Each structure stands twice: as C-alpha cells, then as structure tokens.
Q: 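Before I ask anything, let me first share the structure, which is written out below as structure tokens.
Every chain is numbered from 1, with letters handed out A, B, ... down the list of sequences. Just so you know, these numbers come straight off a predicted model, no measurement behind them.
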Amino acid sequence: MLDIKFIRENAEVVKTAVLNKNEKTDIKKLISLDNRKRTLQFEYDRYRNDQRVLSQKIPKFKAIGKDVTDLLDDLKERAMIVKKTLDKLNQVSLELEKELLTVPNIPHVSVPIGKDESANTFVREWGEKKEFDFAPKDHFELVQQNDLLDFKRAAKLSGHGFAFYTDKGALLERALINFMLDFHIKKHGYKEISAPFIVNRSTMTGTGQLPKLEEDMYLIEQDDLFLIPTAEVSVTNIFADEIVHHKILPQKFVSYSPCFRREAGSYGKDTKGLQRLHQFNKVEMVRFVKPGNSYIAFEKMLVDAEEILQELGLHYRIMTISSGDLSFASTKTYDIEVWAPGAKKYLEVSSVSNFEDFQARRASIRFRDENGKVKFVHTLNGSGLATPRTYIALIENYQNMDGSFSLPVCLKPYIQDIWQEVLFV
RNA sequence: GGAGACGUGUCCGAGUGGUUGAAGGAGCACGCUUGGAAAGCGUGUGUGCGUUCACGCGUACCCAGGGUUCGAAUCCCUGCGUCUCCGCCA
C-alpha cells in the first residue's frame, strides 16, 4: 500500500500510475475520504479532550464534598457526542482503509509504459536456441513416451490442471527442486525456510494478493484460510507486524513450496501438459533489505535465478515487464523466459520483482535503523525457479531423436544412484 | 474434540475503574569513571494519526472487535492466538 500522505501530495503521479497499470482506483474519492477522516479525527480529538478533562473533575469534586449532578448531566451529553463522532470516524477510516488497499504500487521510472505484454522490452539473453537435425517433439509427447507424467489419472482425481509425476518423472522433478535449493543456499547464501502452505486473510492481504485477486485463490471456507499461490506469501509475511533490528538486514530466504492457483480467466490458455497447472512446485527467493539497497538486490536476485538456467544449460531471455502487464504490488519486474524447442516458444519460468515498501506497509514490516528511527523495509522476491516449465524446457532441449533424453551434469548427484541408464552431458 | 491457564512496551514483569503511555527490572544508546574493559553512577529509550517552522501539544493503542460507565489496561461478551492436561491422529 502507498503512504496516504504521499497520495495526498502526489495525486497526479498516483492517478497516472493507476492508469498505466490498467487499474481503476478512484483517487479523487480516496482523497476526499482522507480529508473527511482528518476533519473527523480533529473533531473527535477535541471532544474527547474536553470529556477527559471534565471527567477528571469528578473524583476531585467528590473529595471536597461538592455536588456533581450538573457535571454528570453535562458529561452524559458529551459522552453521546463523542460516541457519535467516533462512530463516524470509524466508518470513514474503514472505508478509507478499504480504498487504500486497492491502490496499486507505482511503476519504477525505468519501466516501459504500455498496455500489455506486447510492450515488454528485451533486456538480454543467454545461450541460443538449440538446433536439432530432426523435428524436436514437444514435452507432452516426450513425457508420454518416457512415462514421466500421468495427466489422465490426475484429472480423474482433481480435474484439469493437475499431474501425477510417476517414477523417473517424479525423481526428475525432485532432483530439480533439490538442485535449485542447494544452489541458492551454497552459491548465493540464501537461508532455507519451509513455510506454511495455508494462510489467513491478513497474510494474503499483506503481500497484495487480496483483495484484488481473491478469485484466483483457493479458499478453505470453513476456516477462511487460503492455499498459497506462491511461497512469497508465507515467507514475506514472516516479519509481519514486527519492528526488526537493522542488524538482521539484509535477509535472504529460499523456500520450496507447492503453489495453488485457480487460474480463473485463463481457461483455454496453455491447456496442454505442464504449461499451466492449478498446482505446481516452485523454489522461491525472498529478500528483505534496507530502502536504499533494493534495486541492487533486485538485479542480484535476477542473476541468482539466471544462474540456475545457465547450470541447466538452457537458453533464455530476460524481459522487463511493461506498466500494463506489471503486477499490482510490484514497482518493477523482470521475467525470465526459457526456450522450449518442442513448443517453439519462450516459457516464463521466473518473475523477479521489487515491491519497495508496498508490501512492508501492508504487512507492517519495519526495522529500527542505526539512529533508532523506525522505517519500512523493502521486500523483493523471485522464482528460482518454477519447476513445470523448467521441466518442459529441460526435456525438450535434451531430447534425442528416438525420444529419449539426457540431462545436464548438475543434476547428476541427485539422480545417478537411482536412474543409472540416463546420460549426463 | 474435551478441561483449564494466559495474552501489557525490545524482553521479563507490576498494575485497587479516575493525569497510567503505563511501576520495577533487564537490554540498548549516550555521558562520567578507567591505561582499556567490567562493575558503578547519571541521562535517555514506544508506535500510529492530527497539529506546529520548531520545542511541543492533542488523540489513539496494554491480542482483536463489541458492550457497561461521566471515565476502562482494569468489569462483561465474542473472536483470535499461546501454553498445560486428556482424547484422537500423522
């Protein structure tokens, strides 16, 4: 969430941001609510002060045996006015708070302005599209042929968008997850954390999924709890409602979790195989940093994610997400897209975002700096990486003419003992 | 699921319904002391909102939300959370 003072003083900037992000928040209404609230607050404070001062006279009057009947009558009336004013104040505050939660974060100046993903801009790429001297198969064919996945039976249990990973198929995914976790821990100094997969409403509001994206979340109505759509939610909220010591910053977490997404509104999109699932696995990086350092951390986190693909030997490109495609809470996001030669397209396997203090303000994550001043931290996160699409790219890129495939050596320690026939290159 | 206990500041811990933002301690910061440190002594040490050029002032907050009262950290109700015991189950 944005600072109401900032909105008050930079209404035009915020309006433009809302427009550029294709949001609909009514900033004019918000500001008039804010004015209303401050007026009521002022009135309340004054009434309340009068009330307290007069109230305190009662014990003093009684002590000297003075009659308090008139004073009490007066105070009863004042109590009513105070109550009425407070009710109004509470109502307006609530309304303001609700509106405030629908104001998106402001895109960073370096973000391209544009309507949608067509305005995303190319940053850099690594490697190149692999050439085959045969027609490469897509992952859907390859996983059938190698008995790695079973979509049909999964659909029997859960409907479309779920998968059984079977035998070597499961081993391969587990290997990927472990490789990625170990790599971030050993090479990049992240601290591993395994977090709850089910969280409450305020946690989901803290990171910005609510109220806007409620339809995309799985809700356990009985307990009003949500299945997390990404470990970002659980991990970022770890310091919610805390003022942490500056010495613990920066803080870098890496976390494996399954991710649950209803994908409302994406029906008919990427329906085949592993491209879009209601449940998938992901290794997520989350960083907490001091305000001035978040864009440096942001670039570093991007590189952390890239290095996974480099180890896996997969060609990818990096795109800067344009304002219209940028998520609600983010100021700037890079997508990493890996090349899938079977699908003949780039697949998004990572999104690296800076939220500056937007999430910190919502979740109230603050720190006391060297001078004892309380400030909001900056939060960032990035996939490192999501497994299904990485899986697609992996087997499509490493496939042989006969439909078998080899694997990059970085996965060898995780696989060789169990799966001896596979070739590592 | 059943029974009970409890939720106060960075932490521990007081708190008879009436200047209580909250005793006391620890910690932390600064100063004095010291060759240096420890100990000791002194001072300071909440967050949000509003207001002020500023010192400050006002107000809210003792888990959350309601209620009683002229007045609530203190009384009542509800919810949430933590802990203990029992039951059940990975």
Q: Both distances below 3.5 Å, Watson-Crick or wobble geometry, any strand: find the nucleotide opposite B/C83.
A: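 Across all strands, the one nucleotide that pairs with B/C83 is B/G4.
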
Q: If we call it a pair only when both distances are under 3.5 Å in a Watson-Crick or G-U wobble match, what pairs with B/U51?
A: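 By the stated definition (distances under 3.5 Å), B/G56 pairs with B/U51.
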
Q: Side-chain contact, heavy-atom cut-off 4.5 Å: A/Val18 with A/Lys24?
A: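 A/Val18 vs A/Lys24: side chains apart.
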
Q: A/Arg368 side chain N/O closer than 4.0 Å to the phosphate oxygens (OP1, OP2) of B/G9?
A: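 Answer no for this pair, as no side-chain N or O of A/Arg368 is under 4.0 Å from OP1 or OP2.
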
Q: Compare side-chain N and O positions of A/Gln51 against OP1 and OP2 of B/G71 and report whether any pair is under 4.0 Å apart.
A: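 The answer is yes; a side-chain N or O of A/Gln51 sits under 4.0 Å from OP1 or OP2.
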
Q: Between A/Asn49 and B/G58, is there a side-chain N or O to OP1/OP2 distance below 4.0 Å?
A: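 Negative; the distance criterion is not met.
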
Q: Given that both distances must come in under 3.5 Å, which nucleotide forms a Watson-Crick or G-U wobble pair with B/G46?
A: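 Paired with B/G46, as far as the under-3.5 Å criterion goes, is B/C61.
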
Q: Reckon A/Lys83 touches a base, only the sugar-phosphate, or nothing at all at heavy-atom distances under 4.0 Å?
A: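 Here A/Lys83 touches the backbone only, sparing every base.
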
Q: Look at A/Arg48 and B/C61 and indicate whether a side-chain polar atom (N or O) is within less than 4.0 Å of OP1 or OP2.
A: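 No, no such contact exists.
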
Q: Within a strict 4.5 Å, meaning less than it, do heavy atoms of the A/Pro59 and A/Gln56 side chains meet?
A: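 No, too far: nothing below the 4.5 Å cut-off.
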
Q: Is there a side-chain contact between A/Arg368 and A/His246 in this structure, where contact means two heavy atoms from C-beta onward sitting under 4.5 Å apart?
A: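 The answer is no, as the side chains (C-beta and beyond) never meet within the 4.5 Å cut-off.
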
Q: Mind running side chain to side chain donor-acceptor pair (under 3.5 Å) on A/Arg362 and A/Gln359 for me, showing each step along the way?
A: CA-CA 5 Å; A/Arg362 288 182 158 236; A/Gln359 293 182 325; over 6 Å; no

Q: Does B/G71 have a Watson-Crick or wobble mate here (both distances under 3.5 Å), and if so which one?
A: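 B/G71 is unpaired by these criteria.
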
